[in-house]
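Below is one structure, written out as structure tokens, with a few remarks after it.
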Amino acid sequence: MSEKEEILFMQTRLIRLAAEEWQLSMDKVLSLFKQAKVLDYIEKAYGIFHCEGDEAVLQDIEEYLDAKGLKIHA
């Protein structure tokens, strides 16, 4: 699998995991991710993220969203 495919796989997996963990619809997670450009963030941080567990990456994304002023739970 190419690095681009691995990044896409990670982005997709994290959308699903965020929806489960945060108890939000996938549409809501996608909306939050688009607003904050989280998919770009994942791509840029892939070098670090691929060495960490999903929970650590999800926590980082949660902090990233918070720093952008976006709340997971309204």
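- Pairs passing the salt bridge (charged side-chain N to carboxylate O under 4.0 Å, His left out) check and including a residue from residues 7-27, sequence neighbours excluded, read Arg13-Asp54, Arg16-Glu20.
- Under the side chain to side chain donor-acceptor pair (under 3.5 Å) criterion, Glu63 pairs with Gln59, not counting sequence neighbours.
- Residue Ile7 holds its CD1 atom at 10.0 Å from NE2 of His50, rounded to the nearest 0.5 Å.
- The structure places CD of Glu3 at 10.0 Å from CE of Met10, a figure rounded to the nearest 0.5 Å.
- Looking at residues two or more places apart in sequence or on another chain, you find a side-chain contact (heavy atoms from CB on, under 4.5 Å) between Ala19 and Met26, Val29.
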Quick one: side chains of residues 34-43, donor-acceptor pairs under 3.5 Å with protein atoms, not counting sequence neighbours, listed by atom name and distance.
unit_1, atom_1, unit_2, atom_2, d
Tyr41, OH, Asp60, OD1, 2.4
Glu43, OE2, Lys4, NZ, 3.0

(message) Between Leu24 and Leu32, does the side chain to side chain contact (heavy atoms under 4.5 Å, CB included) criterion hold? Intermediate values first, please.
(response) CA-CA 11 Å; Leu24 297 173; Leu32 285 168; 4.1 Å; yes
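- With rounding to the nearest 0.5 Å, the separation of NZ in Lys28 from CD1 in Ile72 is 10.5 Å.
- With sequence neighbours excluded, the residues forming a side-chain contact (heavy atoms from CB on, under 4.5 Å) with Leu8 are Gln11, Thr12, listed by chain and number.
- Scanning for side chain to side chain donor-acceptor pair (under 3.5 Å) contacts around Glu6 gives Tyr46, with sequence neighbours left out.
- Annotation: ring-ring contact (aromatic ring centres under 6.0 Å, His included) contacts involving residues 1-33, sequence neighbours excluded, are absent.
- Applying the side-chain contact (heavy atoms from CB on, under 4.5 Å) test to Glu5 and every residue at least two apart in sequence or in another chain returns Met1, Ser2.
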